[in-house]
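Atoms within each ligand, like the ligands themselves, are counted from 1 in listed order. The analysis underlying the following values was restricted to heavy atoms, covering all of them including side chains, and did not include hydrogens, waters or symmetry mates.
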Amino acid sequence: MAVLKIYKEVSDLVDALAEYICDLAEEAIKARGEFTFVLSGGSSPKKLYALLASEKFRSRFDWDKIYFFFGDERFVPEGNPERNSLMAENALFKPLAIKNSNIFKVDTTGTPEESAQKYAEMIAKHFGEKPIEFDLNLLGLGDNSHTASLFPNTSVLHENEATIRSVYVEEVQMERITMTAPLINRSRNIAFLVFGAGKSEAVFHILEDQSGSADLYPARLIAQDAEKVKWFLDGAAASRLTETVK
Ligand code: 6PG
């Protein structure tokens with residue numbers, strides 16, 4: 001069963017998640033010499049990234065041993081304000097002067113299919129002979145229950161072979177490059193960062209309601225039954241959950 005951590009205030013949620021990431025990084029670096037951290041896009045993580053780069057946390061990480069990947073990327077040129085990597089650059093990489101060699105961005109200069117293939121190869125190269133198991137996969141949740149770029153009723157939801165796929169998402173009228181559910185589920189740890197009343201319906205469909213299918217509620221594809229999945233929620237996002245789940 002996934003682990004739910006519910007906080008009244010978003011600031012407490014983000015602080016607790018930063019502490020959790022700190023602990024995971026310390027453990028991973030001690031055990032394997034590095035921390036492979038998959039970042040989520042969208043707007044929710046901005047507060048978290050800023051906190052990690054703040055005086056309170058920046059000195060608690062050995063940043064040279066932390067490698068950053070993206071769970072998904074919008075298929076737009078670097079520098080485009082829609083880019084998840086640009087948001088991370090501004091909130092995290094620049095303030096911490098993270099080396100380019102520690103950042104694995106999606107190259108969107110070719111076709112979407114080429115971009116997905118290149119990203120898959122880039123990730124595989126980093127892991128070499130070792131299995132591709134990220135130490136932490138940070139995920140958001142759309143109010144339509146998508147996560148990464150696994151949107152409802154898209155073909156990528158049934159992808160079981162590829163690790164990275166390109167997909168045209170009608171809903172946002174955009175090509176996306178995304179980690180597939182099997183790749184995300186191989187992560188050692190998965191953390192959902194979800195806050196705000198707008199997400200309460202999606203949270204209910206993922207964590208409590210069993211009706212409908214994962215085609216409608218794609219975040220259900222992420223290992224719901226595993227201790228390694230932790231949901232960091234505020235009270236508003238968790239407001240539709242009954243006491244049986246909380
Ligand atoms: C993206 C994200 C996506 C995001 C959700 C929630 O590229 O948009 O990876 O999966 O996490 O859409 O976005 P917000 O945090 O902006 O609500």
What is the minimum heavy-atom distance between Asn102 and Asp64, and which atoms define it?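 Smallest interatomic distance, heavy atoms only, reads ND2-O, 2.9 Å.
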Any idea which heavy atoms bring Ala236 and Ala197 closest together, and the distance?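 Looks like CB-N, 3.5 Å.
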Ala148, portion touching ligand 1 at heavy-atom distance under 4.0 Å: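 Looking at Ala148 and ligand 1, just backbone atoms fall under 4.0 Å.
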Using a 4.0 Å heavy-atom cut-off, say whether Leu141 meets ligand 1 through its side chain, its backbone, both or neither.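 Backbone only.
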Verify side chain to side chain contact (heavy atoms under 4.5 Å, CB included) between Gln224 and Ile206, making sure each step is shown before the conclusion. CA-CA 8 Å; Gln224 295 299 303; Ile206 304 301; 3.7 Å; yes
Heavy-atom side-chain contact between Arg83 and Lys105 under 4.5 Å: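 Heavy-atom side-chain distance check passes, below 4.5 Å.
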Considering only protein heavy atoms, which is closest to [atom], and at what distance to one decimal place?
{"atom": "atom 12 (O) of ligand 1", "answer": "His146 NE2, 2.7 Å"}
{"atom": "atom 13 (O) of ligand 1", "answer": "Gly42 CA, 4.0 Å"}
{"atom": "atom 15 (O) of ligand 1", "answer": "Ser44 OG, 2.6 Å"}
{"atom": "atom 9 (O) of ligand 1", "answer": "Asp72 OD1, 2.6 Å"}

Should you measure from each heavy atom of [X], which atoms of ligand 1 turn up under 4.0 Å away?
{"X": "Ser43", "answer": "14 (P), 15 (O), 16 (O)"}
{"X": "Asn84", "answer": "1 (C), 7 (O)"}
{"X": "Arg176", "answer": "1 (C), 7 (O), 8 (O)"}
{"X": "Gly140", "answer": "11 (O)"}

Do the two ring centres, one from Phe127 and one from Phe134, sit under 6.0 Å apart?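 That pair passes the under 6.0 Å test.
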Anything under 30° is parallel, anything over 60° is perpendicular, the rest tilted; go ahead and classify [X] against [Y].
{"X": "Phe104", "Y": "Tyr67", "answer": "tilted"}
{"X": "Phe192", "Y": "Trp231", "answer": "parallel"}
{"X": "Phe232", "Y": "Tyr7", "answer": "parallel"}

Ser149, any N or O under 3.5 Å of ligand 1 N or O: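 Min N/O separation from ligand 1 is not below 3.5 Å for Ser149.
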May I ask which of Lys46, Arg74, Glu82, Lys199 has a heavy atom nearer to atom 8 (O) of ligand 1 than the others do?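 That would be Arg74.
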